[in-house]
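Atoms considered below: every heavy atom in the structure, side chains included; atoms not considered: hydrogens, waters and symmetry mates.
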Amino acid sequence: MGDEEDPKEYRWETGYEKTWEAIKEDDEGFLEASVADIVQRAKRKRHALKQGSQKLGMMRHLFILLDCSESMSSQDLKPTRLMCTLKLLEIFLDEFFDQNPISQLGVIIMHNKRAEKISDLAGNCRKHIKLINNLNRTSLVGEPSLQNGLEMALSSLKLLPSHASREILVIMGSLTTCDPGDILNTIDNMKIEGVRCSIIGLAAEVHVCRLLANQTNGVYNVILDDSHFKDLLLQHVDPPPAAKCLESSLIKMGFPHQINIEGSEEPLTMCMCHVDSVDDGSKLTTGGYYCPQCFSKYCELPVECRACGLTLVSAPHLARSYHHLFPAANYVEMTFSNQASICFACQKTFSEADKQVYQCPNCKKVFCLDCDIFIHDALHTCPGCATNLSTFQITHSN
Amino acid sequence: MNNIELPSETQPDITSTDETSLLVVILDSNPGQKMLRDNPHILTHCVDSVIAFANSHLMQKAQNKLAIMACHSKTSQFIFPGPGRPLDVRQIDGQYEAFTNVEKTTKQNLAKILSSETSSAITESLLAGAIAMALCYIARLNRIKPPGAKLNSRILVVTGSGCSASQYMNYMNVFFTAQKQNVVIDVCALDQHLSLLQQGCDITNGLYLKVPQLQGLLQYLLWVFLPEPPIREKLVLPPPVKVDYRAACFCHRELIDIGYVCSVCLSIFCKFSPICTTCHTVFKMPAPLAGKTKKKKKI
Amino acid sequence: MADNGVGAQSQKSSLIKHTNLECKNLYDYLKSRPPSVLEKLYNHPTICLAVYRELPELARQYVIRILFVEQPVPQAVVASWGSQAFSKEHTHVSKVLTELSVWQEAGIPGGLLGWILSPTFKKNLKVALLGGGKAWSMSSALEVDSKARDVSFLDAYSQERWECVLHYMVGSQQQEGISADAVRILLHAGLMKRDEEDGSPVITRQGFQFLLLDRQAQVWHFILQYLDTVEERGLDLVECLTFLFQLSFSTLGKDYSTEGMSPGLLIFLQHLREFGLVYQRKRKAGRFYPTRLALNITTSNDKVPDIEEDAPKGYIVVETNYRVYAYTDSNLQVALVGLFTELMYRFPNLVVGVITRDSVRQALRGGITADQIIGFLKQHAHPRMLDLQAKQPLPPTVVDQIKLWELERNRLVYSEGVLYSQFLSQADFNVLKEYAKSIGCLIWDNNDRRTLVINKSSHDDVKKFWKRYSKGN
């Protein structure tokens with residue numbers, strides 16, 4: 001058990017950081033510029049670390065275990081812990097499905113020593129957000145039971161095919177858990193099944209959480225304030241490295257396209273996703289996506305065909321995840337000495353104020369700091385490489 | 001070439017009115033495209049139409065902004081506002097000075113690029129890269145705009161070349177970035193049908209138009225692409241075409257209905273193969289897989 | 001309180017007219033010109049360009065669509081360009097285009113009616129867009145200016161000149177630097193009036209409102225007033241207007257030649273120089289620099305509150321506790337803030353005040369409206385205020401409260417009416433009441449006393465109905 005221990009467990013055990021020395025005044029005696037600089041550099045550093053692990057668990061199956069016990073009504077986060085968490089979860093869900101379009105997510109709440117499944121694993125973002133919004137009316141009573149929650153999540157995750165990445169994210173407000181049995185057994189089961197459990201604590205560090213995270217290769221963090229909370233939550237948007245026991249396989253998928261026969265109006269049909277729901281939208285529509293295997297119709301992608309079990313996606317859904325796997329090369333930082341007069345991408349004229357410029361190792365084009373961050377944060381394509389046929393091919397062959 | 005000391009930052013200064021709209025036109029002037037190889041004179045016609053269109057955009061509102069890019073296979077460049085010092089243009093006729101400036105600068109810079117193009121080999125225009133540059137440019141203008149100001153940006157691609165699947169990944173990256181940044185991508189196809197760029201229009205809510213005849217290019221541009229996205233809903237414009245979102249397999253680059261996807265790197269293959277050519281993962285045999293997927297369905 | 005309200009009420013109604021006058025834009029101005037003047041104006045590409053930019057967005061699309069069409073376009077076809085849901089907008093746009101004589105009705109073989117662009121307008125808009133025609137009057141070639149002025153110099157110059165005018169209005173000490181001519185315009189515009197006792201000009205209510213406008217609107221309003229007097233001075237209105245728009249489409253920081261300008265225009269130029277719209281080193285320099293004040297002079301649209309460029313940094317911070325911090329050392333700006341706040345402290349570069357009910361009511365009594373106060377605060381909001389909330393730079397509580405304070409003064413609504421009473425039966429009364437209600441002219445009624453008051457304008461209507469009704473019985 002000792003091997004998983006974090007070497008730098010406590011703040012006071014770490015080295016003496018002179019944080020104030022990094023801050024310098026600018027010519028007018030302001031600190032802001034240099035603080036902004038530090039923030040940007042930190043961003044760059046994080047990117048530099050990101051490279052490396054090539055195998056990622058792309059098909060994520062994530063359960064969010066949300067503490068809905070009495071402790072969540074505390075007002076140390078404004079307006080209450082629960083409200084704040086729900087707001088942030090909404091942002092998280094949006095980002096999660098944006099970045100991991102073929103992944104699935106479910107929500108379980110823990111209150112009154114019981115676990116309750118709010119939504120099953122599914123890929124529909126809007127449905128989840130609706131359910132999350134409804135949660136602000138739940139009564140916050142009793143103590144949470146971490147074990148019950150984990151067991152419930154595990155019972156669903158167990159059934160998944162071997163290539164799926166299984167994850168649990170616990171948001172824990174309480175400092176205690178009230179369990180029916182030995183939670184250590186549950187943790188062992190988690191480890192065996194290869195479920196990665198991460199925990200965000202809203203109060204203080206708890207040993208059992210630390211143990212759970214360490215045993216299952218998850219991360220355990222305790223928040224400082226709401227903005228830190230958001231940061232921590234959004235870290236879980238990026239797909240984690242693939243677990244060792246994760247098997248890789250080829251999955252059969254369908255790419256439906258809208259059928260249009262020239263000249264003829266499409267017939268009114270009912271889609272499979274709304275066929276048995278009474279409340280909303282069980283309407284007849286014309287357009288839709290047809291499963292290429294059994295021709296049942298769906299109004300939204302991605303979805304798993306109800307008739308033949310084929311996963312139906314559209315190509316851009318897959319493409320949305322490619323940047324995790326084929327990131328743009330990290331640029332090399334250089335001190336500015338007239339390498340180029342303007343930033344290749346944004347056309348900004350370099351001046352004395354730009355102390356550092358950044359060069360792409362492939363196409364040797366020079367960029368400014370803002371573009372460097374934009375390219376690696378959002379764009380994931382090096383404009384220099386992508387505009388030249390010779391470098392274009394280099395980047396694609398590897 | 002070293003003009004760092006010059007005070008003339010080519011920064012377009014944004015007047016701080018609420019809504020400024022920025023139009024970035026990407027003009028594919030690659031002489032290697034089929035349309036231009038058949039008849040090189042078409043380019044002059046296209047350039048004239050694009051400039052007139054760009055000026056019409058500037059004419060709409062005093063605070064409107066414009067950038068024009070030329071896209072080739074070896075590089076892409078901003079030809080308006082060009083690199084370096086803006087030209088000192090004096091009015092020669094009744095044309096508005098700013099419009100004369102656009103015309104002169106664009107033509108001069110374009111001529112420079114075309115004369116540096118040596119080989120006449122058939123090469124593909126790397127439009128995705130040009131769009132990526134345009135997005136960086138837009139991102140910078142968004143950073144430097146005065147607080148409280150709003151900038152609506154869109155990109156118009158005018159091209160006669162086809163789109164090849166080799167740029168697929170770059171295309172998807174720029175489309176999704178544009179979608180996130182609220183940048184609309186419009187595409188005006190001059191010669192061939194562009195299925196990939198059409199997906200981009202669909203993703204970013206832009207318009208796609210394949211020009212039926214080149215003669216009336218300016219009119220098509222003015223009718224379809226001049227209205228800004230907010231006003232488009234008030235006008236009757238060509239309906240969005242149904243976009244073919246089928247995937248192209250990585251092995252043969254063919255569009256497929258049903259394919260196999262690597263669980264590690266999401267590469268798409270049309271047939272089952274024991275090893276992934278992209279990430280070199282060895283797969284298990286598919287037989288037990290089918291059973292498991294069924295089980296998953298039952299949950 | 002109540003009689004206070006009454007007094008203000010009548011004053012206000014007269015003021016409202018003046019406020020409308022202030023917000024006159026190019027469209028309103030041109031609409032009031034006779035078509036022959038318009039036709040003359042459209043002979044100049046600059047004016048066509050300015051008019052085009054002033055059109056509603058949809059109208060601009062229509063014009064550009066038929067710019068290259070030679071024959072009239074059937075009206076039905078034009079109507080089909082807009083989508084069904086916005087047909088109201090379409091009607092409005094057609095009206096605007098007709099009013100400005102940008103397009104005219106024309107018959108098409110087959111008896112249909114069509115639209116065709118005014119030939120002069122079409123020709124000259126094309127010239128502005130695509131080139132051709134004569135060069136504008138001020139663009140003769142010039143040698144390089146040995147003492148070229150940069151943009152920041154021009155900005156400082158124009159700001160100083162313009163503030164000179166404003167300072168004069170608020171009666172600050174700086175009396176010099178403003179000519180009798182400018183004073184005459186101020187008086188003509190009703191922004192100042194002669195004091196009854198000593199005949200010296202003093203600022204009017206409208207003058208205060210004028211001060212709270214943003215700079216572009218100020219310039220535009222001022223120029224409009226000036227143009228009114230142009231013909232008295234023996235200058236040609238069309239010529240001046242054309243030159244003004246040429247100026248507004250010039251490039252900042254560039255010099256232009258005075259060569260070939262008529263004597264009248266040269267006088268006009270000197271006037272513009274006095275207000276800081278152009279910079280000239282010497283009267284006979286042969287060249288001039290337009291300043292930012294002259295650029296895009298027409299974009300004083302009241303819908304889009306412009307943040308000026310030459311004062312790019314707003315200086316006012318408003319807190320939710322109604323405190324106002326103005327980072328300024330200019331007496332003028334302090335005086336402006338003081339119009340509606342109670343000043344508390346004054347430091348070398350900072351003035352602190354608080355918005356109170358009394359201070360706002362005093363401003364309202366002075367003829368300033370709540371919207372003007374809010375507009376002023378918004379327009380000069382400190383960049384920090386803009387950063388914090390993207391949507392609303394001012395605290396909503398303060399904005400709402402200022403509006404409520406204004407509403408407080410408008411609790412009484414006056415409407416002329418006719419009293420109907422002494423009905424013989426409750427039924428008669430009810431019938432008439434219902435009828436009045438149905439046509440929406442009932443102002444007040446009392447069941448017990450069988451009296452009702454009806455809007456005066458529909459008195460005839462109701463009377464007729466009553467006659468018919470009583471005959472029928």
Side-chain angles (χ1 to χ4, degrees), chain A residues 54-56 58-59 120-121 156 159-163 242 247-255 257-258 260 292-293 304 309-310 314-316 318-323 325-326 338 341-342 344-351 370-371 374-375 378-381 383 385-390 392 396, chain B residues 1-4 9-10 73-76 78 83 123-124 126 128-130 132-133 135-137 139-140 143 166 168-170 172-174 176-177 180 199 203 242 244-247 256-266 268-269 272 279 281 283-284 286 289 292-297 299:
Chain A
Q54 266 298 314
K55 275 196 169 182
L56 300 173
M58 295 302 294
M59 305 190 136
D120 220 327
L121 284 176
S156 292
L159 303 171
L160 291 176
S162 54
H163 60 262
E247 283 173 47
S248 34
S249 53
L250 274 180
I251 306 140
K252 198 172 171 190
M253 281 191 191
F255 301 96
H257 53 106
Q258 287 154 320
N260 40 343
Q293 198 161 264
E304 194 172 303
L310 192 66
S314 77
L318 294 178
R320 210 175 257 239
S321 312
Y322 283 155
H323 68 80
L325 304 153
F326 310 105
N338 292 353
S341 60
I342 54 170
F344 180 77
C346 74
Q347 310 291 304
K348 177 183 157 187
T349 313
F350 289 128
S351 64
D370 288 319
C371 280
F374 178 71
I375 288 164
L379 200 53
H380 308 293
T381 294
C385 301
T387 46
N388 193 339
L389 213 53
S390 49
F392 178 75
H396 275 259
Chain B
M1 261 320 278
N2 184 4
N3 50 8
I4 302 151
E9 266 263 23
T10 45
S73 61
K74 286 222 183 64
T75 186
S76 288
F78 279 85
T123 47
E124 87 181 276
L126 296 177
M133 276 174 82
L135 287 172
C136 288
Y137 181 76
R140 176 168 73 97
R143 277 194 299 272
S166 64
Y168 184 80
M169 208 124 62
N170 287 343
M172 287 303 148
N173 279 338
V174 295
F176 288 122
T177 311
K180 262 199 166 168
Q199 295 186 11
I203 291 169
K242 287 196 174 158
D244 186 358
Y245 273 128
R246 271 180 301 171
I256 49 172
D257 275 337
I258 296 178
Y260 294 89
V261 175
C262 166
S263 72
V264 178
C265 67
L266 304 184
I268 306 161
F269 302 100
F272 184 85
C279 63
T281 311
F283 301 125
K284 338 185 277 185
L289 186 79
K292 280 222 167 150
T293 10
K294 276 220 180 95
K295 226 192 263 169
K296 180 179 159 197
K297 197 187 76 198
I299 304 160

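Partner B/Asn170 forms a side-chain contact (heavy atoms from CB on, under 4.5 Å) with one of A/Thr381, A/Thr387, A/Leu379 and no other, that one being A/Thr381.
Counting heavy-atom pairs closer than 4.5 Å to chain A, the top-ranked of the candidates B/Ser76, B/Gly259, B/Gly129 is B/Gly259. For the options B/Ala132, B/Ala128, B/Cys136, heavy-atom pairs under 4.5 Å to chain A are most numerous at B/Cys136. For the set B/Val174, B/Asn173, B/Ile203, B/Ile256, the count of heavy-atom pairs under 4.5 angstrom toward chain A peaks at B/Asn173. Interface check for chain B: of the options A/Gly254, A/Ala315, A/Cys346, the most heavy-atom pairs under 4.5 Å are formed by A/Cys346.
The side-chain heavy atoms of A/Ile342 and B/Phe78, taken from C-beta on, include no pair separated by under 4.5 Å. Counting heavy atoms from C-beta on, the side chains of A/Asp370 and B/Arg143 come closer than 4.5 Å. Inter-residue side-chain proximity for B/Phe176 and A/His380 is flagged as unmet; no heavy-atom pair is nearer than 4.5 Å. Residues B/Gln199 and A/Pro316 form a side-chain contact, since some pair of their non-hydrogen atoms from C-beta on lies under 4.5 Å apart. Two residues are said to be in side-chain contact when any heavy atoms from C-beta on lie closer than 4.5 Å; B/Met172 and A/His323 fail this criterion. A/Leu250 has its side chain within reach of B/Phe269: a pair of non-hydrogen atoms, C-beta onward, lies under 4.5 Å apart.
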Exercise. Evaluate the criterion side-chain contact (heavy atoms from CB on, under 4.5 Å) for residue pair B/Lys74 and A/Leu389; output intermediate values, then yes/no.
Key: CA-CA 6 Å; B/Lys74 286 222 183 64; A/Leu389 213 53; 5.8 Å; no

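B/Ile268 contributes atom CD1, which lies 4.0 Å from atom CZ of A/Phe255 (distance to the nearest 0.5 angstrom). Distance check, rounded to the nearest 0.5 Å: CD1 of B/Ile258 to CE of A/Met253 gives 12.5 Å.
A pairwise comparison of heavy atoms in B/Met133 and A/Phe344 identifies CE-O, 3.3 Å as the closest pair.
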